[in-house]
Amino acid sequence: MNIDKLNDYQKEAVLYNQGPLLILAGAGSGKTRVLTTKIAYLIKENNISPYNILAITFTNKAAKEMKERLDRLIGEDSKYIQVSTFHSFGLKILRENSNILGYDRNFVIMDSDDSLTVIKKILKELNYDPKIYNPRSIRNKISSCKNEMILPIDYEKYANSEYEKVVLKVYNKYEEKLKKNNSVDFDDLLILPIILFRKYKDILEKYQDHFQYILIDEYQDTNEAQYILTKMISEKYRNICCVGDNDQSIYSFRGANYKNILNFEKDYKDAKIILLEENYRSTQNILDAANGVIKNNKLRKDKKLWTSNGLGEKINYYRAYNERDEAQYVIRKVKELSNKSVSYQDIAVLYRTNAQSRILEEEMLKENMPYRVVGSFYFYNRKEIKDLIAYLRLIHNIKDNVSLIRIINTPKRGIGLKTIENLTKQADLENKSIYEIISSGKELEFKEIIEQLRKLSEELTLTELIDKVLELSGLRQELESDNTLESEIRIENLEEFKSITKSFEEREGLISLEDFLLEISLISDVEEYKDDLNRISLMTVHSVKGLEFDYVFVVGMEEGIFPHMNSLMESDELEEERRLCYVAITRAKSHLYLVNAKRRTLFGKDQINPPSRFISEIDPKLIESNIELGHENKVVSKLQSEDVFRTDDIDYQVGDYVYHETFGAGRVVEVTNSLVSVAFKHPYNIKKLMKNHKKLTKV
């Protein structure tokens, strides 16, 4: 096959197939093209069976894109390649070995809200106050443990405090309830295959022989469980190719460990390392800005992005008076671009936290500018949709107590909390599901509805079944009788759900209820509502990963905002913030605008923040600004008493820890001739103080 259109390093990556390979692919360097071409080359030129290839990426969207590209490259053979997310791959293994692990084949996958419901129930059973032992916090702790491969038996050694001992009790109970309900959570899709492989070496070897060539995208985003699973599958043949960029690792809050990519050479002593540094997306000025920022991180593999796209325009930096001025500046610039026939869809406004979108939305609404807030709300998380899915889950698996408890009185049937509590206790005593022990009362009427729907599910298409669920459950009737705008929107959402089932049926034919439920359980991408309107995209920097726009505005470039306040005390967290800034900058193809405000009101508090350190890390020659870079606004309040100052000078450096008699412990984030800016945890903001003030001391 023809690979002449690839650059020399891309060709080398495609042709190297003699063992472990790490491709360090910079932003916009064409890594997806390299991955798909490499797979096609293995099949077409090296005569490797598509059956023996496993390609893993992180989102359903990325997996779909890879499948489409492979179909264009190799046609029919692409259908036999296992292209999936880690969780989809884990699900495949579980479905094929569920009986060995002690699950019925129709096990249910619980989402994070379902897990939260179970944990709330456990806390109630154990008589723990949810105000003291926050259910969401405990759920996140359990999820974090699972991602780190810490099972309840392992967690015992860490459970020293009273809180940790409670977490351990809940964790044990939680695992018992999952197993009893024939359920797994999202984390189990990674944990259980590892447990299976550790216990049954013959099963592991079967999968190793099946998947002899393994390619993993976005390797910098792997957590401990994904890392272990990858090593186990690839151990026999060692034909593993990992693609990633340690400079774009921004998901530590999800358990991702960027050190996995840095340690690749330690794991595979004979590994080949190839750098893809040529960028096909941005101008050189934008890339130089990104390089200037990221080089300040110490824990990274060194690489430098370059392009043949030309220098391009300088980066625009605007220092606004406040957050409203910041938003109005963005709008003025967008109007200028629109007048030059730039499409709104080619423009993105990025911010560090969701709270920053409010003022942008207000100002855009005033100006009647079309926009969309990407990732702000997720269709499947709407109450009415979760209720409908719970009906479908119970129809599929009557042991699913979580779904039953959610809908037994939805819509209201006069089944109270006491009744549900008694049913739960009886089911626990008899070691049965709640559904099985229902035998009288209004709850029996509910059971009869489910039985009727279970019979219909064997005769109807998915879309027809949805209609019957809405009708027989009373969900539709309750909303129609409510006759409010909100209920109308909810009805429209339920009707929209039928569009989803129809698209499944058109794509897959007669898909089973089991397959449909598993498929929607695995949807981890934020699926935005598609329309024909030309809109400006507003989104957090985390949401923009993998996207690109001609014109990118990054707002809130201030210490305490970006980098975020929570990162200012720890070097590891600050390095992740810098990677996040690198991601934001490299989304821009032709024009980049960096914006901040001298003062802003955020979370109901007035803040005066110094400019982000990331701006100072960019060469001033690359920037056009409305202020003199480095110039300090020396507005210092006149103090009535001179005895509040020391006579001696203290040499403060960025990073120094300090203590203030009023504000407590903090850390220096900026130093000028007479002032020092300090990030305090309590109160939660940055304060600009006189260096020689007696209340401030260096610790």
Side-chain angles (χ1 to χ4, degrees), residues 58 86-87 90 94 108-181 183-195 198 221-229 249-260 353-354 378 381 386 401-402 405-406 521-522 524 542 564-567 569-570 572-573 576-577 681-682 684:
F58 268 78
F86 271 105
H87 290 93
L94 289 190
V108 169
I109 302 170
M110 295 204 309
D111 64 17
S112 58
D113 282 353
D114 293 330
S115 297
L116 190 61
T117 300
V118 173
I119 286 165
K120 285 177 180 175
K121 183 173 181 292
I122 291 169
L123 287 169
K124 188 175 181 181
E125 289 172 0
L126 296 174
N127 293 315
Y128 288 120
D129 187 348
K131 292 177 183 175
I132 299 172
Y133 300 99
N134 184 279
R136 196 176 298 275
S137 176
I138 291 175
R139 181 200 64 187
N140 292 344
K141 182 65 179 175
I142 291 171
S143 178
S144 177
C145 284
K146 288 190 172 189
N147 283 325
E148 292 295 316
M149 287 301 296
I150 299 171
L151 302 178
I153 194 169
D154 305 308
Y155 189 64
E156 283 183 29
K157 66 186 80 159
Y158 302 105
N160 299 318
S161 70
E162 188 61 35
Y163 179 82
E164 287 163 339
K165 287 174 183 175
V166 170
V167 172
L168 177 60
K169 284 182 186 176
V170 176
Y171 193 177
N172 274 308
K173 279 269 190 186
Y174 176 73
E175 292 296 279
E176 287 171 16
K177 284 187 181 290
L178 287 191
K179 198 69 181 284
K180 188 175 178 181
N181 287 343
S183 301
V184 297
D185 64 21
F186 219 57
D187 299 315
D188 288 331
L189 298 180
L190 301 174
I191 304 295
L192 292 175
I194 293 171
I195 292 171
R198 283 177 173 171
D221 292 334
T222 50
N223 61 31
E224 186 68 14
Q226 291 161 339
Y227 168 75
I228 292 169
L229 186 58
S249 179
I250 59 173
Y251 296 122
S252 65
F253 64 94
R254 294 182 187 168
N257 184 356
Y258 70 95
K259 291 180 181 177
N260 290 343
T353 63
N354 278 304
Y378 185 30
N381 278 345
K386 289 185 75 69
N401 286 348
V402 174
I405 289 169
R406 181 183 181 93
S521 295
L522 289 169
S524 55
H542 281 104
H564 194 275
M565 171 66 69
N566 291 352
S567 73
M569 300 296 176
E570 299 294 335
D572 277 1
E573 292 178 8
E576 175 140 340
E577 289 292 300
K681 280 196 171 180
H682 306 288
Y684 197 65

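Quick note: residue numbers are just sequence positions, from 1. Hydrogens, waters and symmetry mates play no part in the numbers below; they use all other heavy atoms, side chains included.
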- Item | Atom pair CG/CE of Leu178 and Met110 - distance to nearest 0.5 Å | 4.5 Å
- Note on the structure: Here the pair of heavy atoms bringing Pro135 nearest to Leu123 is CG-CD1, 3.8 Å
- Message: Using 0.5 Å steps for rounding, measure from the CD1 atom of Ile109 to the CG atom of Asp114.
- Response: 11.0 Å
- Query: Are Asp185 and Ser115 close enough that a side-chain donor and a side-chain acceptor fall under 3.5 Å?
  - Reply: no
- Query: Under the side chain to side chain contact (heavy atoms under 4.5 Å, CB included) criterion, do His87 and Gln226 qualify, and how do the steps go?
  - Reply: CA-CA 9 Å; His87 290 93; Gln226 291 161 339; 4.2 Å; yes
- Do the charged groups of Lys146 and Glu175 touch, with an N to O distance under 4.0 Å? yes
- Query: Rounded to the nearest 0.5 Å, how far apart are CE of Met565 and CD of Glu573?
  - Reply: 12.5 Å
- Message: As an exercise, state the distance from CD1 of Ile138 to CG of Leu168, rounded to the nearest 0.5 Å.
- Response: 11.5 Å
What donor-acceptor contacts under 3.5 angstrom involve side-chain atoms of residues 150-157, with partners at least two apart or in another chain?
from: Asp154; atom 1: OD2; to: Leu151; atom 2: N; distance (Å): 3.0

- Message: Would Arg198 and Ile228 count as a side chain to side chain contact (heavy atoms under 4.5 Å, CB included) here? Give the steps.
- Response: CA-CA 11 Å; Arg198 283 177 173 171; Ile228 292 169; 4.0 Å; yes
- Message: Parallel, tilted or perpendicular, judged at 30° and 60°: which one describes the rings of Tyr128 and Tyr133?
- Response: perpendicular
- Message: Looking at Asn260 and Thr222, would you say the former's side chain and the latter's main chain have a donor-acceptor pair under 3.5 Å?
- Response: yes
- Expected output: side-chain His542 to main-chain Ile250 donor-acceptor under 3.5 Å: yes
- Among Ser144, Ser143, Cys145, side chain to side chain contact (heavy atoms under 4.5 Å, CB included) partner for Asn147: Ser143
- Note on the structure: For Val118 and Lys177, the nearest pair of non-hydrogen atoms, with its separation, is CG1-CD, 4.0 Å
- Message: So Leu229 and Pro193, do their side chains get closer than 4.5 Å, heavy atoms only?
- Response: yes
- Message: Please find the pair of heavy atoms, one from Ser112 and one from Arg139, that lie closest to each other, and give the distance.
- Response: O-NH1, 3.1 Å
- Spatial distance of atom OG1 (Thr117) from atom CD1 (Ile122) [nearest 0.5 Å]: 11.0 Å
- Between Leu126 and Lys173, is any pair of side-chain heavy atoms under 4.5 Å apart? yes
- Report yes if the side chains of Leu190 and Asn223 come closer than 4.5 Å at any heavy-atom pair, otherwise no. yes
- For Glu577 and Ser567 the tightest heavy-atom approach is CG-OG, 3.2 Å
- Distance (rounded to the nearest 0.5 Å) between Leu94 CG and Leu192 CG: 5.5 Å
- Query: How about Asn181 and Val108: do any of their side-chain heavy atoms sit closer than 4.5 Å?
  - Reply: no
- Query: Does any non-hydrogen side-chain atom of Asp111 lie less than 4.5 Å from one of Lys386?
  - Reply: yes
- Message: So Asp572 and Tyr258, do their side chains get closer than 4.5 Å, heavy atoms only?
- Response: yes
- Query: Heavy atoms, side chains only, cut-off 4.5 Å: are Lys121 and Ile405 in contact?
  - Reply: yes
- Item | Close side-chain approach of Tyr158 to Glu164, heavy-atom, < 4.5 Å | no
- Correct closest heavy-atom pair for Ala225 and Ile191 would be CB-CD1, 4.2 Å
